[in-house]
Enquirer: 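Please see the structure below; I have some questions.
Throughout, protein chains are lettered first and strands after them, A, B, ... in sequence-line order, and every chain is numbered starting at 1.
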4 protein chains.
Amino acid sequence: MDKKAQNLHGQKMGRKGRETRQKIMDMTLDMLGHRSYKDLTVSELASETGVSSSTFYVYFEDIEDVLFACVEAAALDLDDLHAVLEQEWDHKNLEAQVKKFVEVYNELWEKHRVELRIRNLEADQGNLRFLNIRIETTKGILQKLTQRISLLNPKLKYPQQIAIVIHAAMGSIASQHEIGITGAIRQTRKQLSNGVVELICAVLRN
Amino acid sequence: MDKKAQNLHGQKMGRKGRETRQKIMDMTLDMLGHRSYKDLTVSELASETGVSSSTFYVYFEDIEDVLFACVEAAALDLDDLHAVLEQEWDHKNLEAQVKKFVEVYNELWEKHRVELRIRNLEADQGNLRFLNIRIETTKGILQKLTQRISLLNPKLKYPQQIAIVIHAAMGSIASQHEIGITGAIRQTRKQLSNGVVELICAVLRN
Amino acid sequence: MDKKAQNLHGQKMGRKGRETRQKIMDMTLDMLGHRSYKDLTVSELASETGVSSSTFYVYFEDIEDVLFACVEAAALDLDDLHAVLEQEWDHKNLEAQVKKFVEVYNELWEKHRVELRIRNLEADQGNLRFLNIRIETTKGILQKLTQRISLLNPKLKYPQQIAIVIHAAMGSIASQHEIGITGAIRQTRKQLSNGVVELICAVLRN
Amino acid sequence: MDKKAQNLHGQKMGRKGRETRQKIMDMTLDMLGHRSYKDLTVSELASETGVSSSTFYVYFEDIEDVLFACVEAAALDLDDLHAVLEQEWDHKNLEAQVKKFVEVYNELWEKHRVELRIRNLEADQGNLRFLNIRIETTKGILQKLTQRISLLNPKLKYPQQIAIVIHAAMGSIASQHEIGITGAIRQTRKQLSNGVVELICAVLRN
DNA sequence: GATGAATGAGAATTCATTCAT
DNA sequence: TATGAATGAATTCTCATTCAT
């Protein structure tokens, strides 16, 4: 809220200011779709956005700062995912429900691939801001997923860890540049999703 | 081999030259343990190694070049992992065997965390050299893992995809800076490994 | 007076305007107490004052302009000093009288240290506005001091130069950031004042 | 010595490097003769010196850093002044001896006006490096001057403080941009020196 | 085999300043 | 009377890179 209220020059932000700030964020995501993260420069970002680079510094401290703002914004968009996890899962419709879950998860990544990838990149390298926001965003998801797992298969010894592992797998697959060329044979994200679904169902039915 | 035989000035490398080259690679890995990858510079790397930055250019083209050399070196160290996957797995000793597999996998990452992380980072961003070496290194592992899965549980519809997914999950967990703070509760790598083992066993027994 | 009557936008200044202008001047002096002169910027000054930097330009042309306004204001505050110098000095009460003079001089600097230091700094570097105001302010003081010296010790060959030298010494000592660490042993301003008094008395009695 | 041995890139400096470093220092002093201190920029300084501004950063951290190097160099040049103060002063030849002292002092300032002015400017504003070097350089001078004063006029209650005051006066006069326009009447440095001499003699004879 | 020396190129950053509201 | 918004123009500063020794 504070962030939205003041720019870095200490001025209250009006409509125009908020728009410019948003335009810069949008262009950041746009550019990171095409080019490597470590080559993104303030000057280029500013000029692509159509503002001068001084204007950039009115709204952000540096590149990391915009990136974080983007990640923060994306982190708010989790409602759909929570919704699927809040529904009861049952053995009868299990496959459809798991499938739905994986689909929604993939859609989330489809929509926020850039932000989520950056978040993980930085977090994996120990950057605290990003580490923390990842924890915050993931916490609720993992709790609910753990609950689903425990309820359906109470025999499991490590439901929580399994939740984490499944979550990691889905994230890893969703984040890859060109999916499937991890291995020898090109796999579409769709095919891999089938694998994920089968894997989850297997562990829940066991 | 050619690469090892002469430096970029076209001189044959003697003992001293080989040592210097190796010192630079070692320091690269050392530094990437502490600091962010995108902040690594030739000047600093050289000065930490105790050579002048001109010396760096005697052995490497640029930063990416050392990184790749490190990744290449690490990629040779896969024998243990292949060994576990070449043994027969059977339902009777399944848990012990899977456990062994996960252990060896984790040890591999423990030993080459920096190199493997860099490899994935670059590959995920579409860097071809790194993408290719990942494919090369992963291919054999995945084939063998797929085989193990197919043999133990022939009912599975997507054994190959499941292999990829399991592999992805293990890599994702192994690569994290401080493991477990993905989620709400700090998990040790050991605890997560239990989850992985249980997950794999579940899918194989199903 | 004209200056006080209207701001740089040509508007007549009302109470509020005068207050804002004064607040900026006060903050200028305040900030120069802590930080180096050459690092003072319009943006920071404005933001510390709690106005936007555009507001600054309503009242002042640039940083030098505020500084000069401050120096001008301080220059009006010389009555006490003139008063001491207008009294007769006589050999009988000499020490007390000289002491009084030095005290009043120090008080003046205590009160306007920042302004007087800036004035000298700029004047010493050849800035005309500041050079002139220094001359204007100092002229009367020096004349009266010369007179006191000549009357008490008519044998002196260079009474005027001695007045200038004494004045310079007092200013130099008064202006120092932490007094006395010019030399080996920390001297309080009080101790140095004793030296000044003894020096002046000596030359007048000789 | 260390400073002379390595540049900021961590390279050992050879003849050529030392020369370049010195050229930059010389040009610094040269430029500060004409222009205001706070307008001196790295780019201009470098280009006047005939090197690129990157080269500047091979040898110095920033403008303050060169300035300090210059001040340090000047601080070594105190032998003449110490020499005059080490001679015995006696009442018979007092005026000639004091005159000699003042002359040598003025010559010192003539030779190192820029460095000494910068040193005082920064020290007066509380810059520690400069404050310290001023203390170091002044300490010995003040001790000797105090000694001279005490020996010649043992009746004085504050010989040390008087030494400090005299020193301050001489420095203040020597540093002024255009001498003498402190007061109403233009005074040459020569005339003011007469005043200083008369003042010192008076206090010593008293 | 190693490295002093120097730099081009470009990126980050800062600031004073304007203008419309 | 005050201020959001935006920017031009410098300047600082960093780095990879080259080359002669």
Enquirer: Under 3.5 Å for both pairing distances: what stems, at least three Watson-Crick or G-U pairs long, include DNA chain F?
Expert: E:2-21 with F:2-21

Enquirer: On DNA chain F, does the nearest nucleotide to A:Val51 precede the nearest nucleotide to D:Ile63 from the 5' side, or the other way round? Give the residue.
Expert: A:Val51

Enquirer: Below 4.0 angstrom, which residues in residues 41-49 of chain D have at least one non-hydrogen atom near DNA chain F?
Expert: D:Thr41, D:Val42, D:Ser43

Enquirer: Taking the minimum atom-to-atom distance to the side chain of B:Ser53, which one of F:dT17, F:dG8, E:dT7 wins?
Expert: F:dT17

Enquirer: Find the distance C:Tyr57:OH to F:dT7:P and express it as a whole number of Å.
Expert: 18 Å

Enquirer: NZ of D:Lys16 versus C1' of E:dA6: gap in Å, rounded?
Expert: 7 Å

Enquirer: Considering every strand and a 4.0 Å limit on heavy-atom distances, what is the contact class for C:Glu19: base, sugar-phosphate, or nothing?
Expert: nothing

Enquirer: Between the main-chain N or O of C:Ala74 and the side-chain N or O of C:Arg119, is there a donor-acceptor pair closer than 3.5 Å?
Expert: no

Enquirer: Between atom CD in D:Glu64 and atom P in F:dT12, what is the gap in whole Å?
Expert: 14 Å

Enquirer: Check the distance between F:dA2's C1' and C:Phe60's CZ and give it to me in whole angstrom.
Expert: 15 Å

Enquirer: Measure CG/D:Asp65 against P/F:dT12 and give the value in whole Å, please.
Expert: 14 Å

Enquirer: Mapping C:Thr20 and A:Gly17 onto DNA chain F by nearest heavy atom, which one lands closer to the 5' end?
Expert: C:Thr20

Enquirer: Restricting to side chain to side chain contact (heavy atoms under 4.5 Å, CB included), what partner residues turn up for A:Glu64, sequence neighbours left out?
Expert: A:Asp62, A:Asn127, A:Arg129, A:Phe130

Enquirer: Rounded to the nearest 0.5 Å, how far apart are CZ of A:Phe60 and CG of A:Leu67?
Expert: 9.5 Å

Enquirer: Just how far, in rounded Å, is P of E:dA20 from CD of A:Gln11?
Expert: 17 Å

Enquirer: Tell me: NZ of B:Lys38 to P of F:dC15, nearest whole Å?
Expert: 13 Å

Enquirer: What's the closest nucleotide to the side chain of D:Tyr59 if the choices are E:dA5, E:dC19, F:dT17?
Expert: E:dA5

Enquirer: B:Met13 has an atom CE; how far is it from atom P of E:dA2, in whole Å?
Expert: 11 Å

